[in-house]
Amino acid sequence: MSSWARHCVPLGFVLLGICCIASGFYLFRNWIDMFTRMRGQEMALSPKSRSFEGWKVSPLPLNFDIYLFNWTNPDDFYVGSGKKPRFEQLGPYRFREKPDKVDIKWHNHNASVSFRKKSWFYFDAAGSNGSLLDKVTTVNTVAHSAARRAADNWLARGSINIANKIYGQEVTITRTVDEMLFRGYEHPFINVGKLLSPQDVPFKRVGFHYSRNGSSAFDGDINMFTGADDIAKMGQIHTWNNLTHTGAFEGTCGQVHGSMGEFFPPNLSTHDTVFMYMPKMCRAIPLDYVETVSVHGVTAYKFSGTKHAVDNGTLYPDTSCYCVNGKCMPAGVINIGPCAFNASVYMSFPHFYMADPSYLDAIEGMRPEREKHEFFMTLEPNAGVPMDVGGGFQANYYMEPISGISVYENVPRVMIPMMWCEERVRVSEEIAADIALVPLIVLLGQIVTGILLAGGLICTCWYPTRQVTHFCHSDPKTKANVLRPLNVFGVNSSAATAPVAQLFRNNISSSGNERVGVRLLDYNRDSGVREESGITESSHRERLISQHSPDVIVR
């Protein structure tokens with residue numbers, strides 16, 4: 001090999017190693033962001049994107065389960081009875097939900113899309129525990145709401161007392177499950193209200209989900225980001241009914257933000273909190289990381305509703321703005337009156353799970369359990385895609401006495417549970433396999449990063465390591481030649497380097513010149529033992545070269 005090749009080849013290896021290290025370090029810092037941008041270009045929501053069809057119409061079967069609470073002892077509901085209200089849970093009444101997105105409009109100026117949600121619900125008798133003809137007794141919310149409105153006006157109170165007697169209104173009302181849910185039932189106060197003040201009474205019937213089946217107006221007009229300009233914004237709501245602040249709650253509590261449930265921000269960590277916007281509650285629900293789980297072999301983060309999600313300032317100061325008109329209930333319920341025609345309606349987790357114990361102490365029949373009543377979203381952290389969704393919220397009515405209204409003058413203050421819903425969906429193994437490609441690509445990028453760093457270190461260190469190894473195995477004369485500069489260094493060093501030079505100084509000749517001796521190993525290849533100048537070597541394999549040895553350099 002020519003001299004040019006002997007010098008250039010090692011230099012090329014070193015430069016290659018430096019390039020590999022620099023590339024590996026760059027990928028280590030930027031690989032996830034690079035992949036996220038590439039994925040965003042492909043997955044951002046648009047009429048032609050891969051995600052559009054699955055977003056418009058869910059490819060998964062959706063079960064919508066409804067549980068109703070039957071009030072079994074309403075006759076004992078008065079101050080001094082000594083008995084607590086007792087409730088029996090009925091259901092689930094399962095419905096197959098067929099959702100769709102309609103009235104879709106794309107807005108390129110801010111990379112968003114407007115739409116309405118439209119769903120059809122079909123009763124699943126085989127999957128239900130009960131019939132739609134089951135009878136249910138619950139609180140008469142319409143009569144009590146009318147009494148609350150009339151509480152400050154003596155003339156109105158008199159009118160309500162007369163109407164209660166004429167129409168036979170009581171604290172409770174009994175109807176079939178079908179009437180309580182989607183079909184609804186007629187109420188005399190609704191009919192009267194539509195005659196007196198039609199703008200304040202938008203419905204003809206009463207029911208928990210009346211007018212929802214097949215309606216595109218139930219959840220309102222939604223505008224959310226498509227992710228075309230930033231994949232991290234994909235699926236995040238921008239406006240609801242053209243509002244960025246609902247006005248239902250003050251400050252940040254009334255802001256419109258969070259996911260609509262289909263997409264969440266990518267690259268989630270265990271320290272993140274995700275938000276889900278609930279139109280019928282006029283607010284976003286925070287979900288905190290609780291554990292890492294596996295769904296069809298794919299690692300996912302489980303984000304769950306904690307006490308933070310149903311607090312109103314009792315435990316977390318930032319939630320104090322959920323108190324309405326300065327009235328704060330014990331933690332665990334959310335006042336949605338401003339979002340529900342100012343009715344005395346409160347939302348909580350089912351069976352008052354994670355709520356203040358006072359709610360459970362006031363009634364009978366509630367049995368909160370995490371496995372049954374937890375509200376959660378399980379997300380693949382790299383893609384932010386839901387893998388498993390479960391849980392729901394419970395609707396409650398706050399009953400309180402109303403002076404001047406005979407039906408309600410002697411009732412205790414208590415939170416009455418009415419019903420709760422759960423929507424459960426879990427991805428199939430085929431969809432999970434597609435989602436698993438995202439963490440796989442992230443892992444491959446990390447492997448390539450490791451290979452580049454390791455290869456760069458090997459290439460950079462190979463030539464110096466080879467030279468050192470070659471030197472250690474060279475013969476004594478070669479070593480002496482390599483160390484020759486050290487002799488000069490030892491003789492001509494200044495006072496500052498004198499201690500170093502002293503290491504190489506043997507003695508001074510009669511002429512005044514320093515004689516420097518270097519301790520080198522000289523292997524006797526013939527016998528293994530050698531004597532010189534009357535000195536017997538201490539080892540059969542080596543000897544100390546004396547100052548008279550021809551291998552010693554003398555200055």
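A quick note: this is a predicted structure, and the numbers were derived from the prediction, not measured.
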Indicate yes or no for a side-chain donor-acceptor contact from His245 to the backbone of Gly247 under 3.5 Å, with no hydrogens or angles considered. yes
With sequence neighbours excluded, give me every side-chain hydrogen bond (donor to acceptor under 3.5 Å, both in side chains) pair touching residues 358-367. Asp356-Ser358
Are the side chains of Val333 and Phe352 in contact, using a 4.5 Å heavy-atom criterion? yes
Taking atom types as modelled and ignoring hydrogens, do the side chains of Ser119 and Glu97 form a donor-acceptor contact shorter than 3.5 angstrom? yes
How about Phe249 and Tyr322: are their ring centroids closer than 6.0 Å? yes
Holding to salt bridge (charged side-chain N to carboxylate O under 4.0 Å, His left out), I want the full list of residues that pass it with Glu369, two or more places apart in sequence or in another chain. Lys372
Lys280 atom NZ, neighbour heavy-atom count above 12 within 6.0 Å: yes
Residue pairs meeting disulfide bond (SG atoms under 2.5 Å apart), one or both in residues 219-308, sequence neighbours left out, come to Cys253-Cys321, Cys282-Cys339
Output all residues satisfying salt bridge (charged side-chain N to carboxylate O under 4.0 Å, His left out) with Lys48, sequence neighbours left out; order by chain, then residue number. none
Under 6.0 Å between ring centres, would you say that holds for Phe182 and Phe123? no
Could you verify whether a donor N or O on one side chain and an acceptor N or O on the other, from Glu179 and Thr176, lie under 3.5 Å apart? yes
side-chain hydrogen bond (donor to acceptor under 3.5 Å, both in side chains) pairs touching residues 138-157, sequence neighbours excluded, are Asn140-Gln169, Asn140-His187, His144-Tyr397, Ser145-Tyr397
Mind telling me whether Tyr353 and Phe349 have parallel, tilted or perpendicular rings, with 30° and 60° as the class edges? tilted
Does a side chain donor of either Asn312 or Thr314 reach within less than 3.5 Å of an acceptor in the other side chain? yes
Would Asp388 and Arg424 pass as an ion pair if we require N to O under 4.0 Å? yes
Ring centre gap for His373 and Tyr67 strictly below 6.0 Å: no
List the atom pairs, with distances to 0.1 Å, where a side-chain N or O of residues 235-244 and a protein N or O form a donor-acceptor pair under 3.5 Å, not counting sequence neighbours.
| residue | atom | partner | partner atom | Å |
| --- | --- | --- | --- | --- |
| His238 | ND1 | Asn223 | OD1 | 3.0 |
| Trp240 | NE1 | Asp219 | O | 2.8 |
| Asn241 | OD1 | Asp221 | N | 2.8 |

